[in-house]
Amino acid sequence: MLHINKIRENKEAYIALLKVKNMDASILFDSVIALDDKRKSTQQKLDEILAKGNKLASQIGDFYKEGKAQEANILKEESSSVKDKSKVLQKKQSELEKKIQDILVQIPNVPHSSVPSGKSDADNITIKESGKIPTLMSGAKPHWELTSKYRLIDFELGTKITGAGFPVYTDRGARLQRALITYFLDKNIAAGYTEFLPPHLVSEASGFGTGNLPDKDGQMYHAKDDNLFLIPTAEVPVTNFFRDVIVKDFPIKCTAYTPCFRREAGSYGKDVRGLNRLHQFDKVEIVQIQHPDKSYKTLDSMVRHVSSILDELELPYRILQLCGGDLSFTSALTFDFEVYSAGQQKWLEVSSVSNFESFQANRLKLRYKDKDGKTSLCHTLNGSALALPRIYAALIENNQTPNGIKLPKALHSYVGFDIIK
RNA sequence: GGAGAGAUGGCAGAGUGGUCGAAUGCGGUGGUCUUGAAAACCAUUGUGCAGCAAUGUACCGGGGGUUCGAAUCCCUCUCUCUCCGCCA
């Protein structure tokens, strides 16, 4: 959520920038500023009336102490009428506040000035390509055939016990999954992140804190009896650690492994085969809370960090800068990582690293104190490091040989074997 | 699941109708002292909104009510703790 004062200060610039997100904000901005003007003047009137009421009340108290009941009674009447007036204004005020809030939550984050315009993912800009796209042996297979050939994942068993999109990892397949989780966490810890293992269900309040509720509630699984939601990403619990917090030292760096649960309502068709799109998958997330002056440096460092992991896994990947049309509601600047999965000859998104600036922090009331003792909103950033299923898919597809699947060196000590035969 | 207790500032903890935005202690910050540090002592130390400021106003878990006046009384919701039961 944008802060009203920032909209006031940067109105024209924001309107121009939001055009990159294919949005015309001028009418919304004008109406929200007009409402806020009204809110301010109402607040002033209300404060005056309340001040009067407070004065009267204490005068009445004094009269009683002095035993002047009659004088007190006269003031009581006056006080009552003041109270009636204040009630009217208070109601008006809270209506104004609600209207303002209703508009503000509709406005997406302002994109960073470097974000290219564009309508869809087709307009994203490739800013880096790394690694060689492998030429596979003849008869190379997509991962859903490999997982069954080497008995790594049992999709049917998952369907039997739960439903489609809930795979069962078996034997070496399970060990590979667990190894990847540990490996990613270790890489993140080595980069200075502190590991957390948060709950996998969150309250409604947390859902609001990260903006998953009320807009995207159809995407989360809901345990209705207890009104808890299964997390769609570790970002939800971890970011909510910092709800109503005043930060003392920057940066705060968190990493967390969690399973992620997504209903994926409305998505169907091509991309759902194998590991490409699941209802439950594992992901290791990185989150940073940073001073506004440093958040873009931090974003770069997070991009480099994710790159270094993919380098070490010897996976070919490319980094895309998302165009305005593909940028999420909350993000100011996002880099997507895609790995090339040679068996299906496709680029698969495995990470999305974003700077949300103060957009999330405003809703969370996540602030810091500057040197003058003023409180200001922090910047929040997050990214996947990394999402497991598509990494898994690319790893086994790209490394398939006639003799089996050869795992990259970095994983040997984690998995306990170097080839899957 | 049954019974009870509670929710106050960064933390601990007083306050049961009117100088309470809130005692006191701890912690934090600044200072005095010291070669330096510790100790001691002094001062300072919540957040939002409006205002250039002075200041005003709101906030004692959330919402509602009683009253001229509520942290304090009433209703309601949420959460936490203790005991019992069940249980990984």
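Lettering of chains follows the sequences in order, A, B, ..., and the numbering in each one begins at 1.
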- [ ] Answer yes or no for Lys11(A) and Phe29(A): cation-pi contact, defined as NZ/CZ to six-membered ring centre under 6.0 Å and angle to ring axis within 45°.
- [x] no
Open item on the list: Using atom C1' in both nucleotides, what's the gap between A12(B) and C86(B) to the nearest angstrom?
Closed with: 35 Å
- [ ] In whole angstrom, give the distance that lies between atom NZ of Lys68(A) and atom C1' of C68(B).
- [x] 17 Å
Task: Nearest-neighbour nucleotide for the Arg367(A) side chain, G48(B), G51(B), C68(B) considered - done: G48(B)
Task: For atom CD1 of Ile4(A) and atom C1' of A50(B), their distance in whole Å - done: 15 Å
Task: Ile246(A) CD1 - G9(B) C1' separation (whole Å) - done: 12 Å
TODO: Measure across Ala234(A) and Cys260(A) and return the closest heavy-atom pair with its distance rounded to 0.1 Å.
DONE: N-SG, 4.5 Å
Open item on the list: For nucleotides 55-64 of chain B, give me one character per nucleotide, 5' to 3': B if any protein heavy atom sits under 4.0 Å from the base, S if the only such contacts are to the sugar-phosphate, - if neither.
Closed with: -BSS------
Open item on the list: Please tell me whether Asn276(A) and Arg273(A) have a donor and an acceptor in their side chains that are separated by less than 3.5 angstrom.
Closed with: no
TODO: Select base, sugar-phosphate, or nothing to describe what Ser80(A) touches, counting heavy atoms under 4.0 Å on all strands.
DONE: sugar-phosphate
Open item on the list: Can you check the distance between A23(B) and A43(B), where both ends of the measurement are the P atom (answer in whole Å)?
Closed with: 15 Å
Task: Any Arg39(A) side-chain nitrogen or oxygen under 4.0 Å from OP1 or OP2 of A50(B) - done: yes
Task: For U72(B), the Watson-Crick or wobble counterpart (both distances under 3.5 Å) - done: none
- [ ] Using atom CG of Asp62(A) as one end and atom C1' of C68(B) as the other, report the distance to the nearest whole Å.
- [x] 13 Å
Open item on the list: What's the closest nucleotide to the side chain of Lys76(A) if the choices are G51(B), G46(B), C68(B)?
Closed with: C68(B)
- [ ] Kindly assign one of parallel, tilted or perpendicular to the pair Phe241(A) and Phe196(A), based on the angle between their ring planes and the thresholds 30° and 60°.
- [x] tilted
- [ ] Just name whichever nucleotide pairs with U66(B), Watson-Crick or G-U, keeping both distances under 3.5 Å, else none.
- [x] none
TODO: State which residues pass side-chain hydrogen bond (donor to acceptor under 3.5 Å, both in side chains) with Arg151(A); sequence neighbours excluded, sorted by chain then number.
DONE: none
Task: Separation of atom NZ in Lys374(A) from atom C1' in G46(B), rounded to whole Å - done: 18 Å
Open item on the list: Using a heavy-atom cut-off of 4.0 Å across all strands, would you classify Lys83(A) as base, sugar-phosphate, or nothing?
Closed with: base
TODO: Searching all strands shown, indicate the nucleotide that pairs with U44(B) (Watson-Crick or G-U wobble; both distances under 3.5 Å).
DONE: G28(B)
Task: G85(B) and C11(B), which share atom name P, separated by this distance in whole Å - done: 34 Å
Open item on the list: Between the side chains of Arg367(A) and Asp244(A), is the shortest nitrogen-to-carboxylate-oxygen separation below 4.0 Å, so that they form an ion pair?
Closed with: no
TODO: Please measure how far the P atom in A7(B) lies from the corresponding atom in G13(B), and state the result in whole Å.
DONE: 10 Å
Task: Watson-Crick or G-U wobble partner of U80(B), both distances under 3.5 Å - done: A5(B)
Open item on the list: Please compare Gly53(A) and Thr375(A) by the position of their nearest nucleotide in RNA chain B and report the one closer to 5'.
Closed with: Thr375(A)
Task: Complementary nucleotide of C49(B), counting Watson-Crick and G-U pairs under 3.5 Å - done: G56(B)
TODO: Using the P atom as the reference point in each nucleotide, state the distance between C73(B) and C79(B) in Å, no decimals.
DONE: 23 Å
Task: Whole-Å distance separating the CG atom of Leu96(A) from the P atom of C49(B) - done: 16 Å
Open item on the list: Tell me the closest heavy-atom pair linking Pro116(A) and Val20(A), and the distance in Å.
Closed with: O-CG1, 3.5 Å
Task: Non-hydrogen atoms of Arg263(A) and His279(A) that approach each other most closely - done: O-CE1, 2.7 Å
- [ ] Round to the nearest Å and state the distance from Gln44(A) atom CD to C52(B) atom P.
- [x] 9 Å
Task: Nearest-Å distance once atom C1' is located in both U72(B) and G15(B) - done: 8 Å
Open item on the list: Give me the distance, rounded to whole Å, that separates C59(B) from A70(B) when you measure between the C1' atoms they each carry.
Closed with: 13 Å
TODO: Let me know the distance between CD of Glu71(A) and C1' of C68(B), rounded to the nearest Å.
DONE: 15 Å
TODO: Among U66(B), A50(B), C68(B), find the nucleotide with the atom closest to the side chain of Lys87(A).
DONE: U66(B)
Open item on the list: Pairing check on G17(B): which nucleotide meets the Watson-Crick or G-U wobble criteria with it, both distances under 3.5 Å?
Closed with: none
- [ ] Could you work out the separation of C81(B) and U76(B) based on their P atoms and round it to a whole Å?
- [x] 23 Å
TODO: Go ahead and name the base partner of A37(B); Watson-Crick or wobble counts if both distances stay under 3.5 Å, otherwise write none.
DONE: none
Task: Watson-Crick or G-U wobble partner of A22(B), both distances under 3.5 Å - done: none
- [ ] Report which part of the nucleic acid Ser41(A) touches: base, sugar-phosphate, or nothing (heavy-atom distance under 4.0 Å, all strands).
- [x] nothing
Task: For His305(A) against Ala191(A), the heavy-atom pair lying closest together - done: CE1-CB, 3.4 Å
Task: Aromatic plane relationship, Tyr296(A) with His112(A) - under 30° parallel, 30 to 60° tilted, over 60° perpendicular - done: tilted
